[in-house]
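Predicted model only: the values in this text are computed from it and were never measured. In each ligand, atom 1 is the first atom listed, and ligand 1 is the first ligand listed.
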Amino acid sequence: MTAEIKLAAPQGYQALNVDTVTTYLAGLKTITARLGGDESGWKAREVGDGNLNLVFIVEGPAGAVVVKQALPYVRLVGESWPLPLSRAHYEYLALVEQGMWAAEYVPALYHHDKAMALTVMEYLTPHIILRKGLVQGERTRKWRTHIGTFLARTLFHTSDFHLSPEEKREKIGAYLTNTAMCKISEDLIFDEPYFDAPMNRHTTPQLDDIALAFRQDTDLKMAVQELKYRFMNAPEALLHGDLHTGSVMVTEADTRVIDPEFAFFGPMGFDIGAILANLFMAVFAQPGLSGGDSEHALWAGAQSEILWDHFVSEFSALWQGRSSGESYNTRLYDDAPELAEQALATRLEAIWNDALGFAGCKMIRRILGLAHVEDFEAIENQDIRGACEIRALEFARRLILERGEFKGMADILRALA
Ligand code: SR1
Ligand code: MG
């Protein structure tokens with residue numbers, strides 16, 4: 001699809017299409033060398049199916065690249081919802097930072113153009129989007145530990161457990177003005193599902209009653225607002241900011257986390273909660289999907305346990321080996337190792353608690369808010385989809401309001417069963 005820009009385009013910006021993207025790349029020596037030959041032998045296709053951006057795959061005789069370009073509006077909605085192009089730069093900054101700590105789990109970067117709001121990066125093949133694999137009942141396995149490692153390394157190394165206060169504040173500052181993207185999350189995750197927002201949608205009439213009940217549920221709304229307050233006021237670490245299963249590309253052996261355009265400094269549990277929420281939704285959707293079965297649902301749930309356990313062990317190893325960082329400064333524990341253990345346990349418990357709360361919010365917004373997920377959307381029969389969604393909503397509400405009762409993943413898996 002070619003984007004037609006009617007908005008006043010910022011200086012130096014032009015939305016590309018399948019014809020102009022090759023001409024753009026032909027002006028870049030390193031990319032020309034990577035693709036091989038010249039522009040006349042390159043093929044471009046637009047493959048973006050996300051909510052926000054253009055994504056091109058450009059193939060030449062020697063290789064291929066991906067070109068991701070931000071549009072000055074929300075693609076899902078159209079030009080009536082303008083969105084700053086600056087998100088492409090924050091995404092680039094985040095990919096560079098994540099690449100410092102978890103290079104094997106992010107795409108390689110070849111070129112970034114701030115004015116054009118685009119990044120040229122590695123074409124990942126034969127990778128598939130994790131969400132699609134889960135919907136189709138595929139069982140790739142490595143991603144669960146890879147994502148656990150990605151989270152532990154990126155969150156730990158951008159936090160006060162590793163950085164000096166100067167470094168940390170400078171990094172917070174670099175993402176401070178990714179305001180429009182944070183505002184999307186603040187509105188779409190924490191507010192809109194709880195009032196009759198114009199862009200909300202849900203499976204109707206099957207979910208009419210529960211949608212109304214959630215909008216009138218004072219306890220739920222209060223707890224969600226507390227979580228929103230944490231989202232806005234806890235710059236613990238650099239977050240991916242939108243770590244759902246559509247932001248992960250996998251093969252059997254390889255895992256790459258893509259699309260961190262919502263990056264900002266926030267509570268660690270937000271990223272963890274995002275991926276857990278999407279695994280939980282995969283579980284609840286299974287019985288409704290054609291070819292779906294209870295065994296696959298159980299399998300999908302078990303992946304969340306492996307992911308969390310791996311995060312804990314990687315994060316703990318980083319904590320135990322640390323020699324820098326201002327928070328829980330090691331000088332306090334030199335002669336009291338049991339205190340270091342206690343401090344780590346306290347932090348992990350707080351991250352767990354946040355993660356469950358945010359996971360609940362993320363599930364609710366995908367069922368009652370604007371942006372939905374393929375897991376449920378792929379269920380054609382409305383009654384069956386509605387039944388799956390209601391179970392997911394009830395579970396999500398428990399995650400938010402009763403999260404203190406889930407002491408570990410074993411409790412979660414029992415509730416999912
Ligand atoms: C208006 S953008 C809707 C959603 O798409 C992205 O993936 C984010 O999750 C955002 O909230
Ligand atoms: Mg995205």
Side-chain angles (χ1 to χ4, degrees), residues 3 46-56 66-95 98 106-107 117-119 121 124 127-132 147 150 178-194 197-202 224 227-228 231-232 239-250 256-264 266 270-279 281 358-377 396:
E46 209 277 314
V47 296
D49 64 352
N51 296 330
L52 300 176
N53 307 296
L54 296 171
V55 182
F56 302 94
V66 160
V67 180
K68 179 173 176 186
Q69 185 179 37
L71 286 165
Y73 56 87
V74 174
R75 184 177 181 160
L76 172 71
V77 174
E79 293 182 34
S80 59
W81 187 347
L83 195 62
L85 296 170
S86 55
R87 67 186 188 274
H89 190 63
Y90 295 112
E91 172 168 343
Y92 172 73
L93 289 183
L95 283 167
Q98 292 162 351
V106 290
L118 73 75
T119 301
M121 60 188 111
L124 298 169
H127 299 62
I128 59 162
I129 295 284
L130 175 57
R131 188 189 305 287
K132 291 200 184 297
I147 297 175
F150 170 86
N178 201 8
T179 318
M181 304 309 277
C182 288
K183 182 77 169 82
I184 286 181
S185 298
E186 288 148 15
D187 290 343
L188 266 57
I189 298 170
F190 300 104
D191 282 9
E192 295 193 0
Y194 307 95
M199 289 188 296
N200 281 352
R201 64 187 177 87
H202 62 250
V224 171
L227 285 156
K228 178 181 178 184
F231 174 87
M232 298 175 76
L239 306 188
H240 176 286
D242 196 25
L243 189 50
H244 52 78
T245 45
S247 296
V248 182
M249 297 195 68
V250 298
R256 308 298 182 94
V257 177
I258 60 170
D259 283 0
E261 65 204 311
F262 286 80
F264 79 112
F270 185 76
D271 269 1
I272 299 167
I275 193 72
L276 293 181
N278 282 269
L279 294 175
M281 286 191 283
F358 289 127
C361 298
K362 289 276 200 170
M363 293 175 72
I364 293 170
R365 63 78 57 111
R366 295 291 186 193
I367 301 172
L368 300 180
L370 162 71
H372 287 224
V373 289
E374 190 185 332
D375 310 61
F376 292 122
E377 299 291 286

> Picking from R75, Q69, E261, what satisfies side chain to side chain donor-acceptor pair (under 3.5 Å) with N53?
Replying inline: E261

> Are I184 and W81 close enough, and set up right, to give a side-chain contact (heavy atoms from CB on, under 4.5 Å), and what steps lead you there?
Replying inline: CA-CA 11 Å; I184 286 181; W81 187 347; 4.0 Å; yes

> Where do E377 and R131 land on the salt bridge (charged side-chain N to carboxylate O under 4.0 Å, His left out) test, with the steps shown first?
Replying inline: CA-CA 12 Å; E377 299 291 286; R131 188 189 305 287; over 6 Å; no

> Any idea which protein heavy atom is nearest atom 5 (O) of ligand 1, and the distance to it?
Replying inline: N51 ND2, 2.6 Å

> Non-hydrogen atoms of E186 versus ligand 1: any pair closer than 4.0 Å?
Replying inline: no

>> Please list, in number order, the atoms of ligand 1 under 4.0 Å from a heavy atom of W81.
In response: 1 (C)

> Can you tell which part of I184 has a heavy atom less than 4.0 Å from ligand 1: side chain, backbone, both or neither?
Replying inline: side chain

>> With a sphere of 6.0 Å drawn around NZ of K132, does it hold more than 12 non-hydrogen atoms of other residues, nucleotides or ligands?
In response: no

> How does E261 reach ligand 1, by side chain, by backbone, by both or by neither, if only non-hydrogen atoms under 4.0 Å count?
Replying inline: neither

> What atoms in ligand 1 come closer than 4.0 Å to a heavy atom of A371?
Replying inline: 3 (C), 4 (C)

> Rounded to the nearest 0.5 Å, how far apart are SG of C361 and CD1 of I189?
Replying inline: 8.0 Å

> Tell me: protein heavy atom nearest atom 1 (C) of ligand 1, and distance?
Replying inline: V74 CG1, 3.6 Å

>> For atom 9 (O) of ligand 1, what is the closest protein heavy atom, and at what distance to 0.1 Å?
In response: D242 OD1, 2.8 Å

>> Please list the nearest protein heavy atom to atom 11 (O) of ligand 1 with its residue and the distance rounded to 0.1 Å.
In response: R365 NH2, 2.6 Å

> Taking non-hydrogen atoms only, is V77 closer than 4.0 angstrom to ligand 1 via side chain, backbone, both or neither?
Replying inline: neither

>> Consider side chain to side chain donor-acceptor pair (under 3.5 Å). Of K68, H244, H240, which one does D259 pass it with?
In response: K68

> Which residue owns the protein heavy atom closest to atom 2 (S) of ligand 1, what's the atom, and how far is it?
Replying inline: L52 CD2, 3.8 Å

>> Ring-plane angle category for F264 and F231, please: parallel below 30°, perpendicular beyond 60°, tilted otherwise.
In response: tilted

> If you count the atoms of ligand 1 from 1 in the order shown, which ones are under 4.0 Å from a heavy atom of H244?
Replying inline: 7 (O)

> With V248, which of I258, I129, L243 fulfils side-chain contact (heavy atoms from CB on, under 4.5 Å)?
Replying inline: L243

